[in-house]
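Only one structure is covered here, and it is reproduced in the block below.
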Number of protein chains: 2
Amino acid sequence: MPHRGRPHKIAPEEQVRRAMRLFWRKGYYDTSVDDLVSDTGINRYTVCTAHGGKKSLFEKALALYEAEVTSSFLAVLETDGAGLFAIRDFFCQFLAFLEQPIGAYGCLLCNTSSEVAPDDPAIANRIERYIARLTGALRRAAQSAKARGELREGVDLDQFADYCAGSVLGIMSFARSPAPRRAVRNYVQGILHAIDAVSATAKPSPPNDRKGKRT
Amino acid sequence: MPHRGRPHKIAPEEQVRRAMRLFWRKGYYDTSVDDLVSDTGINRYTVCTAHGGKKSLFEKALALYEAEVTSSFLAVLETDGAGLFAIRDFFCQFLAFLEQPIGAYGCLLCNTSSEVAPDDPAIANRIERYIARLTGALRRAAQSAKARGELREGVDLDQFADYCAGSVLGIMSFARSPAPRRAVRNYVQGILHAIDAVSATAKPSPPNDRKGKRT
DNA sequence: CAATTATCAGAACATTTATTCTGTAATTCG
DNA sequence: CGAATTACAGAATAAATGTTCTGATAATTG
């Protein structure tokens, strides 16, 4: 069906995408409708009519974030046959992410988890499902890794998956903090070491690579 | 000097402490002065006069949080001669913390790091100093550990300290999320394993303790 | 006890915020 | 082209927020 009436100056999905970026940077409460209007070019009235108000637009932004940003990160894990190398690659992605300016925003879902989820059941539910998706993907990859003998004996799959999931929140929290980027890179390196530590292919010694080391 | 005029119904420091708890739970933006008044019993007028307004009271709350809560956690690390065992004990504390109801609030400084630091230089500075204190304490403990031969060869002290510091943010972010407590406990266990992995006292096999395991 | 000082309790104020209203403009359908 | 429909732009509105004012209250000091 074509379009009746005046067309949108900005496509609705693009409106949500721009709102997403602003919420990502400033958080939910500190982003006013005025901010949305002046920063993204969305019409005030449209926020309330087409999108159902600020809160509703925020929820659309969360959904779009998960569909685009999160899914992009998780792709390597949610591929069939993803194993321990995929988990490693998954975390390596964050090293590249941290180099971008947007890396300082952290993760919209993680930020929201701290900011609004504790007091909003609907938001909390979305965050819960996000964490379940993340943990599930990690656990399946760990399961495949174990089946293929990539893991050392005695590794608890559930515990390892939860460790990795928590580490993602840690990276994103650290990334949004004012800590030096080098510290965040070092943190990711530590997680990579922890992953190597459960690998069946024994490492002769802890990899003392010079990356991110103070001079 | 004694007190002139009518005394406070609630001692000023106790007022800050109560405000701290509310900010801790609800965050800065979602806590209104009305909330402070009705929830803590502080007088509206006093908020603006004695404490200099909402933002200033918030900064006092951050300072008190660091002085009381953070310092309590860091005590084991900031003791002279703290080594690898102290680092381990430091993280074990969080397991007990998570069992308390207040564990679901996460850490006020970590929450603030995500919520307001990115847009407020004064707050960002305080968070920066907090992270520097945390990382410094961890680094000094790691240094002692190395000097005493508690660490495996080739462990990068700065990288390890940053890893531990990031892990603290991870724990607090995960703790505030709607994830099941068991997942957070498992995450802490993973960090403990990572610490054991740099220990010179080689472990025969990954400790497959049943704690926190799904049945 | 009277004077002084500082807090309290609640009203009052100015600003900000989210939402809604109003007239205009841009498109599609008949 | 004319009618219908929908979005735009900015003003208007109602609620919420942070701050300030006002009279009353409770302590100290001389």
Side-chain angles (χ1 to χ4, degrees), chain A residues 1-62 112 115-116 118-120 122-123, chain B residues 1-62 111-112 115-116 119-120 122-123:
Chain A
M1 61 175 83
H3 203 46
R4 309 263 309 173
R6 184 173 177 170
H8 288 88
K9 198 176 182 179
I10 307 165
E13 200 200 13
E14 174 63 18
Q15 293 185 2
V16 178
R17 187 171 293 109
R18 293 188 188 184
M20 175 192 89
R21 289 223 184 82
L22 196 60
F23 283 129
W24 191 356
R25 176 159 68 83
K26 285 174 64 82
Y28 174 71
Y29 291 114
D30 194 33
T31 300
S32 69
V33 178
D34 274 346
D35 292 335
L36 284 167
V37 171
S38 55
D39 234 284
T40 70
I42 308 178
N43 187 270
R44 298 182 78 76
Y45 188 62
T46 305
V47 169
C48 297
T49 54
H51 296 297
K54 181 188 171 185
K55 187 63 154 278
S56 172
L57 175 58
F58 180 66
E59 292 181 18
K60 287 187 186 184
L62 290 184
T112 302
E115 193 194 9
V116 358
D119 263 330
D120 188 312
I123 302 289
Chain B
M1 61 176 88
H3 202 48
R4 309 266 308 174
R6 183 173 179 171
H8 288 89
K9 197 175 184 182
I10 308 165
E13 200 200 11
E14 173 64 16
Q15 293 184 3
V16 178
R17 188 172 291 107
R18 293 188 190 184
M20 176 192 88
R21 288 223 184 81
L22 195 59
F23 283 130
W24 191 358
R25 176 158 68 82
K26 286 174 64 81
Y28 175 71
Y29 292 114
D30 195 31
T31 300
S32 69
V33 177
D34 275 346
D35 292 335
L36 284 166
V37 170
S38 56
D39 233 284
T40 69
I42 309 178
N43 187 270
R44 297 182 78 73
Y45 189 63
T46 305
V47 170
C48 297
T49 56
H51 297 297
K54 181 188 171 185
K55 187 62 156 281
S56 172
L57 175 57
F58 180 65
E59 292 181 17
K60 288 187 186 183
L62 290 183
N111 302 343
T112 302
E115 193 195 9
V116 359
D119 263 329
D120 189 311
I123 303 288

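Naming: A, B, ... by sequence-line order, numbering from 1 per chain.
Aromatic ring pairs are classed by plane angle as parallel below 30°, tilted from 30° to 60° and perpendicular above 60°; the pair B:F58 and B:F23 is perpendicular.
Taking only side-chain atoms of B:P7, from C-beta outward, the nucleotide of D:dT20, C:dA18, D:dA26 with the closest atom is D:dA26. Here the side chain of B:Y45 is nearest to one of D:dG18, C:dA9, D:dC8, namely C:dA9. For A:T46, the listed nucleotide lying nearest its side chain is D:dC8; candidates were D:dC21, C:dT19, D:dC8. Of the candidates C:dA18, D:dT20, D:dA4, D:dA4 carries the atom nearest the A:R4 side chain, counting heavy atoms from C-beta on. Here the nucleotide nearest the side chain of A:H8, chosen from D:dT25, D:dT19, D:dA7, is D:dA7.
Looking at B:D39 and B:K26, no side-chain N of the basic residue comes within less than 4.0 Å of a carboxylate O on the acidic one, giving no salt bridge.
Atoms NZ (A:K9) and P (D:dT6) sit 21 Å apart, rounded to a whole Å. Note: CG (A:N43) to C1' (D:dT6) measures 12 Å, nearest angstrom. Per the geometry, CG belonging to B:D30 stands 9 Å off P belonging to D:dT17, to the nearest Å. The interatomic distance linking A:R44 (CZ) with D:dA12 (P) rounds to 13 Å, in whole Å.
Closest of all the heavy-atom pairs between B:K55 and B:Y28 is CD-OH, 3.3 Å.
The phosphate of D:dA16 (OP1 or OP2) has no side-chain N or O of B:S32 nearer than 4.0 angstrom. Dashed line: the shortest gap from a side-chain N or O of A:T49 to OP1 or OP2 of C:dT20 is not under 4.0 Å.
Two residues, A:A50 and B:G52, neighbour DNA chain D, and the one matched to the more 5' nucleotide by heavy-atom proximity is A:A50.
In summary, the side chains of B:H51 and B:Q15 do present a donor paired with an acceptor at a separation below 3.5 Å, with no hydrogens or angles considered.
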